[in-house]
Amino acid sequence: MSATDHTPTPAAPAKPFRLFRRGPWENVATIVIAAGVIMLMQPFSIELYGWSFLTTLIGTAMFIIVSKFPD
């Protein structure tokens, strides 16, 4: 056997869920949370204030879910 002999490495398996990657979805969840906090702190609209808790809650739940996605 020579030093140049090597066995070919198998190709990496295809990643079927490339859309569901952690980085971009964590950014989206963080933006939703920030929007909810801004809606909570703004003094202009009671309508935005009313939706702020739900927006923040959705962003937080989304962040918990997407943090389990692969890198």
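Worth knowing before you read on, the calculation uses all heavy atoms, side chains too, and leaves out hydrogens, waters and symmetry mates.
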Quiz prompt | Minimum-distance pair of heavy atoms, taken over all atoms of Met39 and Thr55 | solution = CE-OG1, 3.7 Å
Quiz prompt | Thr56 and Leu40, any side-chain heavy atoms less than 4.5 Å apart | solution = no
Quiz prompt | Trp25 side chain to Leu19 backbone, donor-acceptor under 3.5 Å | solution = yes
Quiz item: If every non-hydrogen atom of Val32 is compared with every non-hydrogen atom of Gly59, which pair is closest and at what distance?
Solution: CG1-CA, 3.6 Å
Quiz item: Side-chain heavy atoms under 4.5 angstrom apart, residues restricted to Ile, Leu, Val, Met, Phe, Trp, Tyr: same cluster for Tyr49 and Val37?
Solution: no
Practice problem: Measure across Ser52 and Gly36 and return the closest heavy-atom pair with its distance rounded to 0.1 Å. | Solution: CB-O, 3.4 Å
Quiz item: Nearest heavy-atom pair of Val66 and Ala29: which atoms, and what distance?
Solution: CG2-CB, 4.5 Å
Practice problem: Write down the atom of Phe63, the atom of Thr30, and the distance for their closest heavy-atom approach. | Solution: CE1-OG1, 3.9 Å
Quiz prompt | Smallest separation among heavy atoms of Asp71 and Arg21, with atom names | solution = O-NH2, 2.7 Å
Quiz item: Side chain of Arg22, backbone of Pro70: donor and acceptor closer than 3.5 Å?
Solution: no
Exercise. Please answer whether the main-chain N or O of Ser45 pairs with a side-chain N or O of Gln42 as donor and acceptor at a distance below 3.5 Å.
Key: yes
Quiz item: Do Leu54 and Leu48 belong to the same hydrophobic cluster, where Ile, Leu, Val, Met, Phe, Trp and Tyr are linked whenever their side-chain heavy atoms lie under 4.5 Å apart, directly or via other members?
Solution: yes
